[in-house]
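Here the structure comes first, spelled out in structure tokens, and everything after it is commentary.
Each chain gets a letter, A, B and so on, in the order the sequences are listed, and its residues count up from 1.
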Amino acid sequence: MNFVEELRWRGLLHDMIPGTEELLSKEKVAAYIGFDPTAESLHIGSMVQIILLMHLQRHGHTPIALVGGATGMIGDPSFKSEERKMLSEETLQKNVAGIEAQLRRFIDFDKGAQLVNNYEWFKDFSFLGFMREVGKHISVNYMMAKDSVKKRLETGISFTEFSYQLIQGYDFYWLWKHKNAKLQLGGSDQWGNIVTGTELIRRMAGGEAFALTVPLVTKADGSKFGKTEQGNVWLDGRLTSPYQFYQFWLNTSDEDAEKYIKIFTFLSKDEIDVLIATHQENPAARVLQKRLGEEITTLVHGKSELDSAIAASQLLFGSGTTEQLAALPEATLLQIFEGVPHYMLDKSLLENATNILDLLAVHTPVFESKGEARKMIQQNALSLNKAKYSDAAGTPRTEMLISGKYILVQKGKKNYYLLQFS
RNA sequence: GGGGAGAUAGCCAAGUGGCCAACGGCAACAGACUGUAAAUCUGUCCUCUUCGGAGUUCGCAGGUUCGAAUCCUGCUCUCCCCA
């Protein structure tokens, strides 16, 4: 199975410039994808692009990952409804460094693959030089006709953002010329920018270049992929803990899971067919979600982080009991609850405590007020150390402490807090 | 410039002197059920509370009244029609 066929059955193919498939089947191609340094870490929306590069490498082609040190200074207006806030150069540098480090985890940059930053070729390119060398080849009429900027022509777009497609287009030209990159990959929203690049290559050098885009990952219920109530799901474990990351995938709907397992894992078609059939026989077992979560958490965070994420999940949601919790070594406990809010309290608070409400509402942010705490407890929403606690007038005791230090507080099903007394 | 309509809790929206912390819907949160799902049902949903209550709200500032989201005066803002 070749690269394009692979993408096709996985649902990873949105559009190609005619001739792209032929090119890829007759020679080994260098292809690039750009990553925007809008934050210090990539989030799972970028995972599709990363996986695309990995597939490319697996099929013997040469991936080039471009980090947009220069384009990040401009801001991509594609399908955005408003002008973007500019990032400071300092932030940008930090973001570029963070993203480069992450990309190295997924792509082996020793085997011909390359990591580039377009700031390299833009930093010494003068404004007048750019105007004369690049701008002259593309008409404003052509640029305005793009769907990606149409909306903005009504509401307003700065010259800076409008020129973005030329900058990105020049990237493609530069990589085509210096790195023999004949193909640019990207999300479907990048089609307009990519095609400006192929056009620029044709007009500046009479060369031929190609484009391949992947579809936007969507959710069956229409909400935006990659977001939770807590915000973006990041690849950086410090921003989204491996536990939260694993949970995100585990909570995928049945319908989406069938789609995502093809996109986000490297499992073979046969394996996936079996998994889907098994899942449909017994959806409650959630074999798809579990496998999806295992595969991608391993890819992003590694096997040992996955194991503790699974251990934490089982303890928190599954059969976890007070006894099991109490039996955990302290180090394991802390590891499992790494992603859970931690509060340090003075031990005397617990020794002198007369009222559970007072402890949780006044001394910790678990509850906003005593009234709220009382209502929640009356509704049976509070658990301490995995056991329901329903006595609003109860007194907390030092015997509750796990490892002599901790109390695990649970508000509702999913909100955990770890109180540490010392 | 002239005429008209409106501003109520996170959002939509009812209420036109006391029965109003304010109908109803959405969102949110919790419980039951379940698969850590969906759907459904139940509860909570201005703030605090010793659960008895207490305090602060209906664009803003005054006023009338025993009593105002509701009546009066002024101001601010939004929308519509005509020029």
Are more than 12 heavy atoms from other residues, nucleotides or ligands located less than 6.0 Å from atom [atom1] of [X]?
X	atom1	result
A/Q378	CD	yes
A/M1	CE	yes
A/E351	CD	yes

ask   = Side-chain donor-acceptor pair under 3.5 Å between A/N193 and A/T196, yes or no?
value =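 Short answer, no.
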inquiry  = Pairing donors with acceptors under 3.5 angstrom, does anything connect the side chains of A/Q165 and A/D76?
reply    =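 No, no side-chain donor-acceptor pair sits under 3.5 Å.
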Please tabulate the protein-to-nucleotide N/O contacts below 3.5 Å involving nucleotides 34-40 of chain B, giving atom names and distances.
from, atom 1, to, atom 2, distance (Å)
B/G35, O4', A/A284, O, 3.4
B/G35, O6, A/D254, OD2, 3.1
B/G35, N1, A/D254, OD1, 3.1
B/G35, N1, A/D254, OD2, 3.0
B/G35, N2, A/D254, OD1, 3.0
B/G35, N2, A/Q289, NE2, 3.4
B/U36, O2', A/N251, OD1, 3.2
B/U36, O2, A/Q247, OE1, 3.0
B/U36, N3, A/Q247, OE1, 2.7
B/U36, N3, A/Q247, NE2, 3.1
B/U36, O4, A/Q247, NE2, 2.9

key: B/U65 versus B/C75 - spacing of their P atoms, nearest Å   =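 The same atom, P, in both gives a distance of 23 Å.
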query = Does the separation of the ring centres of A/H55 and A/F3 fall below 6.0 angstrom?
reply =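 Aromatic pair excluded; centres sit 6.0 Å or further apart.
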ask   = Does anything in residues 369-380 of chain A reach RNA chain B, meaning a heavy atom under 4.0 Å, and if so which residues?
value =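 Heavy-atom cutoff 4.0 Å gives A/S369, A/K370, A/G371, A/R374, A/K375, A/M376, A/Q379, A/N380.
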key: First of A/L357 and A/A381 reached from the 5' end of RNA chain B, by closest nucleotide   =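 Whichever sits nearer the 5' end wins; that is A/A381.
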inquiry  = Please determine whether a side-chain nitrogen or oxygen atom of A/N415 lies at a distance below 4.0 Å from atom OP1 or OP2 of B/A30.
reply    =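 Checking A/N415 against B/A30: at least one side-chain N or O falls below 4.0 Å of OP1 or OP2.
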task = Indicate yes or no: does A/K405 engage A/E330 in a salt bridge with an N to O separation below 4.0 Å.
result =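 Looking at A/K405 and A/E330, the cut-off is met.
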key: A/Y32 and its side chain to side chain donor-acceptor pair (under 3.5 Å) partner, picked from A/Q184, A/Q114, A/K179   =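 It is A/Q184; the other options fail the test.
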